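First comes the structure, then the notes that go with it.
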Amino acid sequence: MLGAPALEGKTLDLTKKMVVFEGGVQEAIKGFPKNINVGVITALASENPHTKVKIVSDPEVHSNTHKIIYRSALADAVMEFSGKPDPANPKSSTTAALSAAACLKNLYSPISFW
């Protein structure tokens with residue numbers, strides 16, 4: 001998250017939990033291009049360009065956590081994923097690349113893979 005275009009010229013207090021960004025997925029892509037893969041995949045999968053994103057910095061959390069909340073007239077669902085840091089690249093998680101690959105595979109395949 002540090003080094004993101006939206007944070008240029010700003011300092012974060014890394015000693016306390018704080019909301020760093022809250023807004024639409026398009027705005028999040030511009031401000032946090034390296035932190036928004038799950039938000040983008042969620043927007044694509046749901047076909048909802050109005051997908052909302054919240055990015056939180058929390059010094060107590062030691063994994064890359066994503067919570068997806070879906071609400072509709074028929075059902076509500078909450079999914080939460082916590083990816084451990086990739087040993088080769090501690091700023092990311094192995095599941096980030098695997099998630100992107102699965103998303104692309106599902107987009108272009110008549111069979112869905114989970």
Side-chain angles (χ1 to χ4, degrees):
M1 179 173 11
L2 294 174
L7 298 178
E8 195 168 312
K10 299 177 185 174
T11 56
L12 290 180
D13 182 351
L14 300 177
T15 64
K16 63 181 180 180
K17 181 177 179 178
M18 63 183 293
V19 175
V20 177
F21 172 84
E22 192 164 10
V25 71
Q26 297 297 330
E27 188 181 355
I29 291 168
K30 292 174 189 165
F32 298 89
K34 293 182 180 181
N35 307 97
I36 195 63
N37 59 324
V38 172
V40 170
I41 290 169
T42 301
L44 288 171
S46 68
E47 298 180 350
N48 182 357
H50 305 292
T51 299
K52 301 292 180 204
V53 173
K54 183 189 290 187
I55 299 175
V56 178
S57 172
D58 187 346
E60 300 294 318
V61 176
H62 300 289
S63 62
N64 195 353
T65 303
H66 305 278
K67 182 186 264 187
I68 300 170
I69 301 170
Y70 171 82
R71 298 193 197 298
S72 77
L74 301 176
D76 294 335
V78 177
M79 295 170 279
E80 189 167 323
F81 307 89
S82 293
K84 304 298 182 217
D86 181 345
N89 179 10
K91 292 184 176 184
S92 186
S93 67
T94 305
T95 57
L98 296 175
S99 296
C103 177
L104 292 172
K105 194 171 193 177
N106 284 338
L107 285 173
Y108 295 101
S109 174
I111 300 172
S112 292
F113 300 91
W114 295 94

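This is a predicted model, so every value here is computed, not measured.
To the nearest 0.5 angstrom, Asp58 atom CG is 11.0 Å from Leu14 atom CG. Between the CG atom of Asn35 and the CG atom of Leu7 there is a distance of 8.5 Å, given to the nearest 0.5 Å. Rounding to the nearest 0.5 angstrom, the gap separating the CD1 atom in Ile36 from the CD atom in Glu27 is 10.5 Å. The OG1 atom of Thr42 sits 10.5 Å away from atom CG of Asn48, with the distance rounded to the nearest 0.5 Å.
Not counting sequence neighbours, the partners of Thr15 by the side chain to side chain donor-acceptor pair (under 3.5 Å) test are Asp13. When the side chain to side chain donor-acceptor pair (under 3.5 Å) test is applied to Thr65, the partners found at least two apart in sequence or on another chain are Ser63, Ser82. The side-chain contact (heavy atoms from CB on, under 4.5 Å) check on Ala43 picks up Val25, Thr51, with sequence neighbours excluded. In this structure, the side-chain contact (heavy atoms from CB on, under 4.5 Å) partners of Lys54, at least two apart in sequence or on a different chain, are Val19, Glu22, Val56.
Note on Met79: it does not cluster hydrophobically with Ile41, by side-chain heavy-atom contacts below 4.5 Å among ILVMFWY residues. In the hydrophobic cluster analysis, where Ile, Leu, Val, Met, Phe, Trp and Tyr join through side-chain heavy atoms closer than 4.5 angstrom, Leu44 is grouped apart from Val38.
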Under 3.5 Å, which donor-acceptor pairs link side chains of residues 66-76 to any protein atom two or more places apart or in another chain?
from, atom 1, to, atom 2, distance (Å)
Ser72, OG, Leu74, N, 3.1
Ser72, OG, Ala75, N, 3.1
Ser72, OG, Ala75, O, 3.2

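The 12-atom threshold is exceeded at CD of Glu80, counting heavy atoms of other residues, nucleotides or ligands nearer than 6.0 Å.
Between Phe32 and Val20, the closest side-chain pair of non-hydrogen atoms falls below 4.5 Å.
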